[in-house]
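Here's the structure we're looking at; comments come further down.
This structure is a prediction, so every number in the text was calculated from the model and none was measured. Proteins get letters first, then strands, A, B, ... in listed order; numbering begins at 1 in each.
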Protein chains: 2
Amino acid sequence: MKTPERRRRPSGRVTLSDVAKAAEVSPITASRALRGERGVAAGLVERVKLAAKNLGYVPDPAARALASQRSAQVPVLVPLLSNALFVDVLEAVHRTLQPHGFQTLIGVTHYDPDQEEQLLSSYLAHRPAGLLLTGFDRTEAARQLVAKSGVPCVHLMELTQASGVYCVGFSQHDAGHDLTEHLVARGRKRIAFVAAQLDPRTMQRAEGYRACLREHGLYDPRLELLSPQPSSMRLGGELFEDLLRTRPDVDAVFFCNDDLAQGGLLTALRLRIDVPGQIAIAGFNDLSGSDLMVPPLTTVRTPRSAMGVASAQMLLSLMRGETPTHNSTDLGFELMVRAST
Amino acid sequence: MKTPERRRRPSGRVTLSDVAKAAEVSPITASRALRGERGVAAGLVERVKLAAKNLGYVPDPAARALASQRSAQVPVLVPLLSNALFVDVLEAVHRTLQPHGFQTLIGVTHYDPDQEEQLLSSYLAHRPAGLLLTGFDRTEAARQLVAKSGVPCVHLMELTQASGVYCVGFSQHDAGHDLTEHLVARGRKRIAFVAAQLDPRTMQRAEGYRACLREHGLYDPRLELLSPQPSSMRLGGELFEDLLRTRPDVDAVFFCNDDLAQGGLLTALRLRIDVPGQIAIAGFNDLSGSDLMVPPLTTVRTPRSAMGVASAQMLLSLMRGETPTHNSTDLGFELMVRAST
DNA sequence: CTGAAAGCGCTTACAG
DNA sequence: CTGAAAGCGCTTACAG
């Protein structure tokens with residue numbers, strides 16, 4: 001009788017060799033059969049899959065990642081979860097990657113490049129299969145980290161023509177420009193721009209706003225109200241009141257995000273300010289509730305789900321080792337003209 | 001001259017042995033020093049940490065998980081991300097676990113027990129350090145999976161006295177009861193309950209509503225409007241209109257969530273229905289924007305961040321192998337009486 | 001088409 | 001307090 005081995009560290013787990021034994025093949029063959037690698041006899045594949053199912057085998061992702069130097073994880077780094085914008089993108093990414101066996105990891109940067117860099121370094125240690133990042137604004141160290149890792153990466157929300165950089169988004173500048181153009185077309189002359197957070201994309205919209213007003217000779221820097229505070233309905237209401245106090249002659253407000261605009265609209269309602277009679281109000285993103293406001297809010301509908309799906313598809317293609325024909329996908333935007341302007 | 005080894009699979013990664021060599025100790029000692037295990041000479045710890053820093057060493061989580069049978073991941077399973085409720089909880093969990101070196105993984109079940117079971121089986125394969133689940137309503141298989149895994153687990157949002165089950169939440173039943181009591185105290189007689197999604201917690205609030213109205217002899221099942229559709233502002237407006245059509249004599253509505261209530265309130269505004277004159281409106285959760293509505297919405301403030309923090313702390317304690325004195329933490333709730341009732 | 005050997009980068013016993 | 005050996009559960013070359 002054999003004495004029990006002394007050095008074992010049993011985990012009670014069903015392993016690949018258990019499956020291999022049950023199917024009467026070698027672990028290598030079992031591994032290949034389970035991963036659907038071609039070049040395994042059809043009969044063996046059947047046997048292995050059946051054995052795996054019967055034993056309730058679940059591959060160990062840690063062992064797999066260690067052996068193959070590649071996990072099935074795809075970290076997605078977004079600034080916030082409290083903005084429905086990013087939640088919609090995440091849902092779409094998750095929906096697209098899931099059926100291909102990739103696991104979406106959510107990382108929140110809070111608009112802080114240092115936090116992003118740290119997240120990146122920690123996620124990269126997990127040997128991710130791919131990476132999804134928001135925008136292009138990050139530390140040089142973060143950029144190096146990604147480049148050196150060789151992990152396929154797609155950027156969300158903004159566009160660039162830089163070669164070797166993959167991105168899916170729309171022109172924030174043009175969207176800001178077109179919404180402003182709409183206000184001008186409605187005959188507005190004193191159009192304010194009210195923004196919070198002041199992240200890169202907000203500032204690109206601000207540039208679009210400025211460009212448009214300059215084209216019409218209507219630009220006045222005193223009509224810009226920029227707050228670095230986080231965006232919220234409450235802040236929108238407060239900034240709207242500030243604006244009314246300091247610039248009582250404004251006839252339109254372009255809020256850089258719908259939560260601000262909704263707050264502004266509700267404040268107008270409370271103060272019995274006629275919208276759009278006295279003042280037109282527009283927002284950005286077409287978030288939930290904007291079409292239900294009183295009056296319904298004019299805004300720009302941004303392709304949130306489409307960006308999630310398209311960026312995930314581009315990443316899938318990169319992870320397969322393919323070279324996409326286009327490295328930049330412009331998904332456009334849609335002006336939603338409603339009763340508030 | 002030695003021929004290069006043929007079987008190497010170099011990953012270009014800085015490993016623990018690189019650090020050990022640089023610090024002139026064995027890999028085991030380096031490992032212990034880095035993990036802060038006590039029983040290593042202070043001088044060595046210094047040397048190892050310095051070497052690690054100089055080399056830019058980042059431990060490989062896959063190797064660590066494989067060797068120790070335990071990862072640093074803590075999956076949190078929530079029904080949705082589109083409800084701010086869960087986003088707030090997640091933020092708080094993440095904030096609490098992060099400094100202890102644990103990584104929060106977000107899993108979304110879409111209120112589907114089968115999806116939850118599948119997520120659980122996939123996450124458990126990663127040998128998580130701990131687990132955070134929403135509520136108690138899951139498949140028997142899911143329950144078994146968790147129990148057999150031995151992974152420490154805390155439940156969120158609901159309470160139970162069952163022994164060996166850890167939970168952090170508040171009484172959904174009592175909150176529903178107390179809000180209804182407030183409406184009764186305001187002299188309302190025909191109080192409707194309008195709900196969507198119909199998840200377990202919503203139905204517990206419904207029970208609280210029923211109990212309260214029965215106590216006052218005011219219960220009328222025809223005043224309940226229950227829709228299995230996902231909760232949203234839009235749906236709230238629609239259900240409110242349905243209710244006005246079928247039960248024109250209602251004098252108060254208890255919406256089971258603030259998004260529904262906000263939609264109802266905006267619809268009332270649009271239809272020029274006097275709130276609270278003709279009809280009182282109340283919501284649940286005190287989500288962003290509820291205090292800014294016109295009129296501001298009466299609701300129940302639920303301890304979202306507190307639940308996130310407390311559940312993460314309870315889990316930290318379990319992961320340390322401690323046995324918490326209380327296995328159930330009741331965080332209570334707060335009635336926010338505003339102008340809509 | 002199939003398999004024996006080695007290795008991925010750590011940690012767990014066990015010894016001293 | 002420190003270390004040599006073995007092992008965690010897979011996959012990657014290499015051979016046949």
Among [options], the nucleotide that comes nearest once only the side chain of [X] is considered:
| X | options | answer |
| --- | --- | --- |
| B/Ala41 | C/dG9, D/dC10, D/dC1 | D/dC1 |
| A/Asp60 | D/dC8, D/dC10, D/dA4 | D/dC10 |
| A/Val25 | D/dC8, C/dG3, C/dG7 | C/dG3 |
| A/Arg64 | C/dT11, C/dA4, D/dC10 | D/dC10 |
| B/Val40 | D/dT2, C/dC8, C/dC10 | D/dT2 |
| A/Leu44 | C/dC10, C/dT2, D/dG9 | C/dT2 |

For DNA chain D, the expected dot-bracket line (Watson-Crick or G-U under 3.5 Å, [ ] crossing, | inter-strand) is |||.||||||||.|||
B/Glu37: side-chain contact (heavy atoms from CB on, under 4.5 Å) partners, not counting sequence neighbours:
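Result, side-chain contact (heavy atoms from CB on, under 4.5 Å) vs B/Glu37: B/Arg32, B/Arg35.
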[X] [atom1] to [N] [atom2], straight-line distance once rounded to whole Å:
| X | N | atom1 | atom2 | value |
| --- | --- | --- | --- | --- |
| B/Lys21 | C/dG9 | NZ | P | 11 Å |
| B/Leu16 | D/dG7 | CG | P | 20 Å |
| A/Leu66 | D/dG7 | CG | P | 17 Å |
| B/Arg13 | C/dC8 | CZ | C1' | 10 Å |
| A/Gln69 | D/dG9 | CD | P | 19 Å |
| B/Arg47 | D/dC1 | CZ | C1' | 13 Å |
| B/Arg127 | D/dC8 | CZ | P | 10 Å |

For the residue pair B/Glu322 / B/Ser317, report whether a side-chain donor-acceptor contact shorter than 3.5 Å exists.
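There is such a pair (donor and acceptor under 3.5 Å, judged by atom type) between the side chains of B/Ser317 and B/Glu322.
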Hey, which sits more toward the 5' end of DNA chain C by its nearest nucleotide, A/Pro27 or B/Ala63?
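Between the two, 5'-proximity favours A/Pro27.
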If I compare all heavy atoms of B/Pro200 with all of B/Glu158, which pair ends up nearest, and what's the gap?
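Answer, listing the atom of B/Pro200 first, then B/Glu158: CB-OE2, 4.1 Å.
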Pairs involving residues 87-104 of chain A, ordered by first then second residue, that meet salt bridge (Lys or Arg N to Asp or Glu O under 4.0 Å) (sequence neighbours left out):
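Only A/Asp88-A/Arg304 qualify under salt bridge (Lys or Arg N to Asp or Glu O under 4.0 Å).
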Taking only residues at least two apart or on different chains, which pairs with a member in [range] satisfy ring pair (Phe, Tyr, Trp, His ring centres under 6.0 Å)?
| range | result |
| --- | --- |
| residues 112-133 of chain B | none |
| residues 29-78 of chain A | none |
| residues 143-169 of chain A | A/Phe136-A/His155 |

Check the phosphate of D/dG9 against A/Thr15, side-chain N and O only, distance under 4.0 Å to OP1 or OP2. Yes or no?
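Result: no.
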Can you list, by residue number, the residues of residues 28-37 of chain A that have a non-hydrogen atom closer than 4.0 angstrom to DNA chain D?
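The stretch gives A/Ile28, A/Ser31, A/Arg35 as the residues lying under 4.0 Å from the strand, ordered by number.
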Before accepting this row, confirm whether a basic side-chain N of the pair A/Asp60/B/Arg127 lies closer than 4.0 Å to the acidic partner's carboxylate O.
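Salt bridge: yes.
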Side chain to side chain donor-acceptor pair (under 3.5 Å) partners of residues 139-148 of chain A, not counting sequence neighbours, each pair once:
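Qualifying pairs, neighbours excluded: A/Glu117-A/Thr139, A/Glu140-A/Arg143, A/Glu140-A/Gln144.
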Any pair with a residue in residues 40-56 of chain B that passes side chain to side chain donor-acceptor pair (under 3.5 Å), sequence neighbours left out, goes on the list, sorted by first then second residue, please.
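Sorted result for residues 40-56 of chain B: empty, none.
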